[in-house]
Undergrad: 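Here you go, one structure.
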Amino acid sequence: MGFCGKKLLILRPAVVHTNCACKTQINYIQNIMINITLPDGAVRQYEKGSTALDIAKSISEGLARKVLAAQVNEEIWDATRPINKDAKLKLLTWNDTEGKSTFWHSSAHLMAEAVESMFPGVKFWVGPPVENGFYYDMDLGDRKMSEEDLLALEKKMNELAKQNNPYERKEVGKKEALNYFSEKGDEYKLDLLAGLQDGEITFYTQGKFTDLCRGPHIPSTGFIKAIKLTSIAGAYWKGNEQNKMLTRVYGVTYPSQKELDEYLVMLEEAKKRDHRKLGKELSIFTMDDDVGPGLALWLPNGTIIIEELEKLAKETELEAGYKRVVTPHIAKESMYITSGHLPYYADSMYPPMELEGEKYYLKSMNCPHHHKIFAAEPKSYRDLPYRLAEYGTVYRYEQSGELFGIMRVRCLHMNDAHIYCTKDQFNEEFRAVNEMYLKYFKIFGIEKYVMRLSLHSPDKLGVKYVNEPALWKETEVMVRNVLTESNIPFVEVQDEAAFYGPKIDVQIYSAIGREFTLATNQVDFSQGRSFKLEYTTPENTAETPLIIHRAPLGTHERFIGFLLEQYAGKFPLWLAPVQVKLLPISDKFLDYAKSVSDKLKKSDIRAEVDDRPEKIGKKIRDAELLKVPYMLVVGEKEMNEGKVAVRRHHIGDLGTTLVDTFIQEASEEIRERRGEGKSKEDYRFF
Ligand SMILES: [Zn+2]
Ligand SMILES: [Zn+2]
């Protein structure tokens with residue numbers, strides 16, 4: 001036989017000789033060869049048992065050095081796991097999300113190995129990858145981990161990474177697995193095992209560390225070239241406050257030191273821009289124990305930003321033909337049963353209040369209230385599209401461990417609206433909504449965004465999705481067409497739709513590249529029926545409208561959190577809580593400063609006078625710290641000439657100008673909702 005001992009073999013198409021001696025060989029070939037379909041559609045033959053890494057090597061050695069994992073058919077696998085059947089194969093590298101998460105998850109194993117060597121007897125819960133890096137939850141007994149321990153752990157991890165130990169997968173029977181972790185005395189892994197059956201249990205070992213894990217992992221520890229353990233935190237076991245508090249160690253790793261260094265610089269910047277820190281420094285919002293977790297109190301400065309955002313939304317929506325409504329914060333149980341929120345989403349709602357023998361819920365959505373407004377008066381086709389808008393307050397029960405500043409809260413103010421339209425009007429309406437998103441992105445300087453078209457999954461009809469196969473198909477095509485026609489870049493994801501229709505999730509990226517899920521734009525062909533919403537057609541028949549749910553500015557909470565990071569607290573003039581600070585050089589000019597300030601206020605410019613007996617240098621420094629856009633310095637010369645010396649935050653001196661000229665220029669900047677300028681040339685006060 002001509003087969004060598006090498007695992008990998010690529011054959012040219014075999015010629016089948018039906019009646020000759022080589023038939024045996026062909027049968028043999030057919031038994032031991034598999035067809036691998038690559039992403040470009042090419043089909044190659046490999047010996048059965050070849051791994052993704054073998055296949056990468058057959059393409060190029062350089063590629064093989066980058067392969068972290070593989071997508072085999074629909075599953076993510078170890079690149080070193082033998083493939084025994086024909087399969088579709090995609091090699092995953094650092095540039096793929098799944099490649100990155102496999103890298104980070106494998107790094108969690110490496111960290112666990114280092115922890116176990118430093119803290120013998122430690123017990124491990126779970127160690128998943130996260131958005132930027134990984135963590136592992138562990139029980140250190142009565143020992144504590146310090147910041148210095150993190151440095152020692154990093155050192156140990158580097159040492160173990162250099163050993164380039166392979167991550168070895170082993171299928172294990174449940175009994176054997178139970179024995180292993182009983183002997184180790186790790187009740188957390190035993191708890192995980194309780195939910196698993198024979199045939200679905202695998203162990204992974206690298207170096208001296210063995211973990212219960214489904215995988216996948218990178219081929220070996222040597223891929224991990226740069227390591228940083230970022231923080232230690234407490235985390236309740238299974239996220240439940242009744243359970244024991246475990247130690248959670250966060251870390252991040254990279255395939256090169258350069259990439260890690262760049263990431264750390266970004267992280268420093270993110271810390272400076274942390275919305276919780278800036279929110280406090282700039283007096284935007286506060287939280288209070290007596291009010292409760294996740295319930296933000298908006299301070300006067302934050303309220304100004306809220307009002308400016310609402311003003312923008314109201315102007316935009318009025319222009320786009322929306323009507324404004326106001327609805328109560330609570331509603332009876334029966335309404336949420338009609339809408340389908342109960343009983344399915346009861347967990348994410350506040351518990352009910354009993355009143356006059358009825359149950360009332362705090363609203364977690366504005367939609368049902370708006371549907372009732374639609375239904376309040378008879379509608380004909382002439383009334384459509386019917387667009388109802390409300391900055392609605394909703395309440396959602398987020399677990400306390402999930403709460404995060406104002407980004408994840410329990411009381412939200414939502415830029416909500418519902419559009420009721422005919423099928424013929426849908427395209428136009430949906431397109432207009434998308435354009436509204438783009439208009440807002442421009443105003444807020446959001447340059448990078450992704451729209452994700454979330455579709456249903458046909459095998460989950462009747463479970464996760466309303467059982468209307470034809471309507472799903474129809475509306476998904478409609479939404480896709482709108483996106484394609486308006487040339488908006490988008491990606492499609494299966495099985496992420498809302499339960500009543502397809503949706504578009506909008507992901508935006510802040511100035512430092514962090515991702516935020518802003519809002520969704522959803523189609524709904526189901527709630528109209530549940531609420532028996534109808535309009536009469538020109539033929540005098542009754543028809544159910546389609547509904548579009550949209551919230552381009554998301555919630556005040558999430559959006560202002562985003563803006564704080566986006567602007568690093570330096571709000572553009574139109575949003576800044578204090579727009580102008582008058583800085584008199586001495587008390588002698590206080591009256592003049594006050595008169596200028598009054599004049600500004602009459603022109604709807606938010607101005608304040610710094611009347612403290614401080615030196616002008618200090619007044620300027622303090623105004624800079626508060627990130628006030630304009631500082632107007634006034635002294636003898638300015639007073640005598642009716643002028644002000646203009647300073648722009650972060651840019652500096654812009655020259656001296658007449659008060660009226662300043663008012664004119666600043667008012668225009670506000671009216672146009674202009675963004676921050678980059679240099680003196682962007683301002684006109686010379
Ligand atoms: Zn693992
Ligand atoms: Zn809605």
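Each residue takes its place number in the sequence, starting with 1. Just follow the structure's listing: the first ligand is 1, and inside any ligand the first atom is 1.
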Undergrad: Check His549 and report its N/O/S atom nearest to the Zn ion (ligand 2), by atom name.
TA: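 For His549, the N, O or S atom at the smallest distance from the Zn ion (ligand 2) is ND1.
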Undergrad: Vertex the Zn ion (ligand 1): angle to NE2 of His217 and SG of Cys213, to 10°?
TA: 120°
Undergrad: Salt-bridge test for Asp191 and Lys189: reply yes if a basic N is under 4.0 Å from a carboxylate O, no otherwise.
TA: no
Undergrad: Is the Phe441 ring parallel, tilted or perpendicular to the Tyr449 ring (thresholds 30°, 60°)?
TA: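 Answer is tilted, since the angle falls between 30° and 60°.
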Undergrad: When you draw lines from the Zn ion (ligand 2) to SG of Cys367 and to NE2 of His418, what angle lies between them, to the nearest 10°?
TA: 110°
Undergrad: Okay, side chain of Lys379, backbone of Phe374: is any donor-acceptor separation there less than 3.5 Å?
TA: yes
Undergrad: Any N/O/S atom from His370 (main chain or side chain) under 2.8 Å of the Zn ion (ligand 2)?
TA: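 Short answer: no, not a single N, O or S atom is under the cut-off.
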Undergrad: Please work out which of the three classes, parallel, tilted or perpendicular, describes the rings of Tyr345 and Phe499, given edges at 30° and 60°.
TA: tilted
Undergrad: Between Asp524 and Gln527, is there a donor-acceptor pair closer than 3.5 Å when you use the side chain of the first and the backbone of the second?
TA: yes
Undergrad: Quick check: of its N, O or S atoms, which one does His105 have closest to the Zn ion (ligand 1)?
TA: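 Sorting the N, O and S atoms of His105 by distance to the Zn ion (ligand 1) puts NE2 first.
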Undergrad: I'd like the atom name of the N/O/S atom in His109 lying closest to the Zn ion (ligand 1).
TA: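 Atom name of the closest N, O or S in His109: NE2.
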